[in-house]
Every structure is written in C-alpha cells, then in structure tokens.
Amino acid sequence: MAIRIYMRVSTLEQGFDQQMQDIKAYFNTNRINMDDVADIVEEHVSGGKSYEDRKFQQLLNKCKPGDYIYAASTDRLGRNFIDMMRLMEDAKKRGVIIVACKQNLSLDDDNSMAKIVLAVTAIMDEDERKRIKHRTSNKKAWQREQIAKQGYFIIENGPNAGQKCTYVGSPKGHDTSKAREAAYQAAQDAKIRWMEESKGVQWVRAQIAKGKSRALILEEFNELHKQNPEDYCTREGKPLSKGVLSRWCREMNPLAV
C-alpha cells in the first residue's frame, strides 16, 4: 500500500501551505506518518479542467490496488460534477482509495454514504466555480470601465494592492510583479526538468537521432506506454499524440518541422 498526496491551486500566485496543513492535521488525527508518503503532486490548474488533463491522471496511473491518494478537500480534486463521478469510477476500477481530509471522506468501494456526500459537494463545488467565474467576469468589466474613464484602475488585493494598473487580465507585455515572474520561471524550470528526466522523452530523442519517422515513433511509443505507462507517457500521464510529439520535436530542436 502506497500513500500519495495531491494538491491543486488555480493560479500561479496561490500556494499550497494551507492544503498541506489540512492534510497534516488529518494525518495526525489518524496516526499517518508523513515519512510514509511516496508522492506529493502539486499543480496550478483550474478545477474545471478534467482530471484526465491534469497531473492527477499521472498520479493515478502510478497507483496499485490498495493505494491511497489524499487531498485537502473535494474541491481540490475538481469542481465539475460529471468529471468527479468519472474520477471516482476510474479510481474504483483501479482499487485506489481517495480521501478528502477536511470532509473526512474516505471514498472507497464500500463507502456508499461517502459517495453520496461527494456527489452533493461536487454539485456545490461546481456551482461555486460558476459563481467565481461570474464574479471574475464582473470584476474585469469594472476594470475595463475604469480604464476607459481614467486610463487605469486601482488594484484592490495582493502584493500590488493600491497601485495603478492599465490592463485587464494577463500582464502579457506589461511589467509583472516579482512574485509572478518567479512563479512563471519556476513553472518553466519544472517543465525543462521533466523533459530532461523523462524516460519517454529521452527515448523519443534517441529514435529521432536514428532517423525514424514520426509515425513509427508514435506507434512504438504508445506500445511501450501500454507496457509501462509510468515511464512512457506525456507530462499528464497520457499516451503520446501527434500534437505532443510535434511539440517535443520543436522543443528538442527549434528548427524541426
């Protein structure tokens, strides 16, 4: 039995400290030792994105029957009701038990009441995501209105609170805060590290050097994925697609076509 931890936040500016505190509190209550944790997966991604398109899928692929995945709460697993139901069915088939620490829910095959609670909370989380999206849309509309009137709006929260801002949304070509720059650089560094450490990427690199066609590389890679999905997979833990293979080729060689 392996113990694994999954943590998710929506933006690069958010941290994982509070989620880890909630998980550690659950571990202390239930006498689970942090030293026994095999994996801790963190990612910055919207809860509305399918678990199959997040690192959660890659974590799930590592699990064997009887393994546990701990998350701080159900909304960290996702905020889409249908996707959450599919996630639980996937975990059930694999024999993996998912625990939401704050709700004290152990979502195993025999815990029908916990699954009912999960269904209710998933619907509530999805509704909350819609409200957040609506509030964000309204806030951006107000910001655009202020920019149209006076050329800027005043930032209300965060490290730049009280400062003037002349754009809405992503800074793109504008100056960014040190925190945003550091978070972006950390994400880029993590991507580079994964590319360098991935056995699958190194295998593809070797096949390109041998002069194999992309079609053959794709076919052979996905055969290897069936045999060893942990090593031969995309960063999201999936089989290789034409689009991802093309991106890998460009990143290995910017002149590749």
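- With sequence neighbours left out, the side-chain hydrogen bond (donor to acceptor under 3.5 Å, both in side chains) criterion links Ser241 to no other residue.
- Note on ring orientation: taking the six-membered ring where Trp is involved, the planes of Phe221 and Trp248 are perpendicular (angle over 60°, cut-offs 30° and 60°).
- Side chains of Asn228 and Glu230 form a contact here, defined as non-hydrogen atoms less than 4.5 Å apart.
- In terms of the side-chain hydrogen bond (donor to acceptor under 3.5 Å, both in side chains) criterion, Arg247 has no residue partners (sequence neighbours excluded).
- Other cluster members for Tyr152: Ile154, joined by side-chain heavy-atom distances under 4.5 Å among Ile, Leu, Val, Met, Phe, Trp and Tyr.
- With hydrogens and angles ignored, the 3.5 Å screen pairs a side-chain donor or acceptor of His225 with a backbone N or O of Tyr232.
- Partners of Phe153 according to the ring pair (Phe, Tyr, Trp, His ring centres under 6.0 Å) rule, which considers only residues two or more places apart in sequence or in another chain, do not exist here.
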>> As a quick check of understanding, evaluate salt bridge (charged side-chain N to carboxylate O under 4.0 Å, His left out) for Asp90 and Arg94, giving each step before the final call.
In response: CA-CA 6 Å; Asp90 193 354; Arg94 298 170 186 261; 2.8 Å; yes

Under 3.5 Å, side-chain donor or acceptor atoms of residues 202-209 against the rest of the protein: list the pairs with distances, not counting sequence neighbours.
residue	atom	partner	partner atom	Å
Gln202	OE1	Arg205	NE	3.3
Gln202	NE2	Met195	O	2.9
Gln202	NE2	Glu196	O	3.2
Gln207	OE1	Lys212	NZ	2.9
Gln207	NE2	Trp203	O	3.3

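- Identified under the salt bridge (Lys or Arg N to Asp or Glu O under 4.0 Å) test for residues 3-12, with sequence neighbours left out: Arg4-Asp39, Arg4-Asp67.
- Test Leu60, Ile98, Ile69 against Tyr6 for side-chain contact (heavy atoms from CB on, under 4.5 Å) and you get one pass: Ile69.
- Hydrophobic clustering (side-chain heavy atoms under 4.5 Å, transitive across Ile, Leu, Val, Met, Phe, Trp, Tyr) keeps Leu224 apart from Leu216.
- Between the CZ atom in Arg54 and the NE2 atom in His44 there is a gap of 14.0 Å [rounded to 0.5 Å].
- Taking the side-chain contact (heavy atoms from CB on, under 4.5 Å) definition, one finds that Thr234 meets it with Glu236, Lys238, Leu240, Val244, sequence neighbours left out.
- With sequence neighbours left out, the side-chain hydrogen bond (donor to acceptor under 3.5 Å, both in side chains) criterion links Lys93 to no other residue.
- In this structure, the separation between CG on Leu218 and NZ on Lys242 is 7.5 Å, given to the nearest 0.5 Å.
- Taking each heavy atom of Arg214 and Cys249 in turn, the nearest pair found is NH2-CB, 3.5 Å.
- For Ala72, the side-chain contact (heavy atoms from CB on, under 4.5 Å) partners at least two apart in sequence or on another chain are Gln19, Asp22, Ile23, Arg76.
- Residues Arg86 and Asp83 meet the side-chain proximity criterion, which asks for heavy atoms closer than 4.5 Å.
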>> Please determine whether side-chain contact (heavy atoms from CB on, under 4.5 Å) holds for the pair Lys140 and Gln143, giving the CA-CA distance in whole Å, both sets of side-chain angles, and the decisive distance to 0.1 Å.
In response: CA-CA 5 Å; Lys140 287 183 177 180; Gln143 291 171 345; 4.1 Å; yes

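- Nearest heavy atoms, Ala2 versus Ala38: CB-CB, 4.4 Å.
- Taken to the nearest 0.5 Å, the CD atom of Glu89 stands 10.5 Å off from the CE atom of Met85.
- Neither Ile192 nor Val201 shares a network with the other; the hydrophobic side chains, linked directly or stepwise wherever heavy atoms of I, L, V, M, F, W or Y lie under 4.5 Å apart, form separate groups for each.
- In this model, no donor atom of one side chain and acceptor atom of the other lie less than 3.5 Å apart for Ser198 and Arg235.
- Listed here is the closest heavy atom pair of Leu59 and Ile5: CD2-O, 4.1 Å.
- Nearest heavy-atom pair across Asn222 and Pro239 is OD1-CB, 3.4 Å.
- Rounding to the nearest 0.5 angstrom, the gap separating the CE atom in Met34 from the NZ atom in Lys24 is 5.5 Å.
- Residues meeting the side-chain contact (heavy atoms from CB on, under 4.5 Å) test with Asp36, sequence neighbours left out: Ile3, Asn33.
- Residues passing the ring pair (Phe, Tyr, Trp, His ring centres under 6.0 Å) test with Tyr51, sequence neighbours excluded: none.
- Between the side chain of Asn61 and the backbone N or O of Gly237, at least one donor-acceptor pair lies under 3.5 Å.
- For Lys55, the side-chain hydrogen bond (donor to acceptor under 3.5 Å, both in side chains) test picks out no residue, with sequence neighbours left out.
- With values rounded to the nearest 0.5 angstrom, Met20 atom CE is found 10.0 Å from Cys101 atom SG.
- Side-chain atoms of Phe16 and Ile40, non-hydrogen and from C-beta on, never get closer than 4.5 Å to each other.
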>> Show, in sequence, the C-alpha distance, side-chain angles and deciding distance for Tyr70 and Ile32, and conclude whether the side-chain contact (heavy atoms from CB on, under 4.5 Å) test is met.
In response: CA-CA 11 Å; Tyr70 291 87; Ile32 301 172; 3.3 Å; yes

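- Proximity of Leu87 to Phe56: side-chain heavy atoms (C-beta onward) are separated by under 4.5 Å at one or more points.
- Contact between Gly66 and Met1 at its shortest, heavy atoms only, is O-CG, 3.1 Å.
- No side-chain donor-acceptor contact under 3.5 Å links Gln57 and Asp53.
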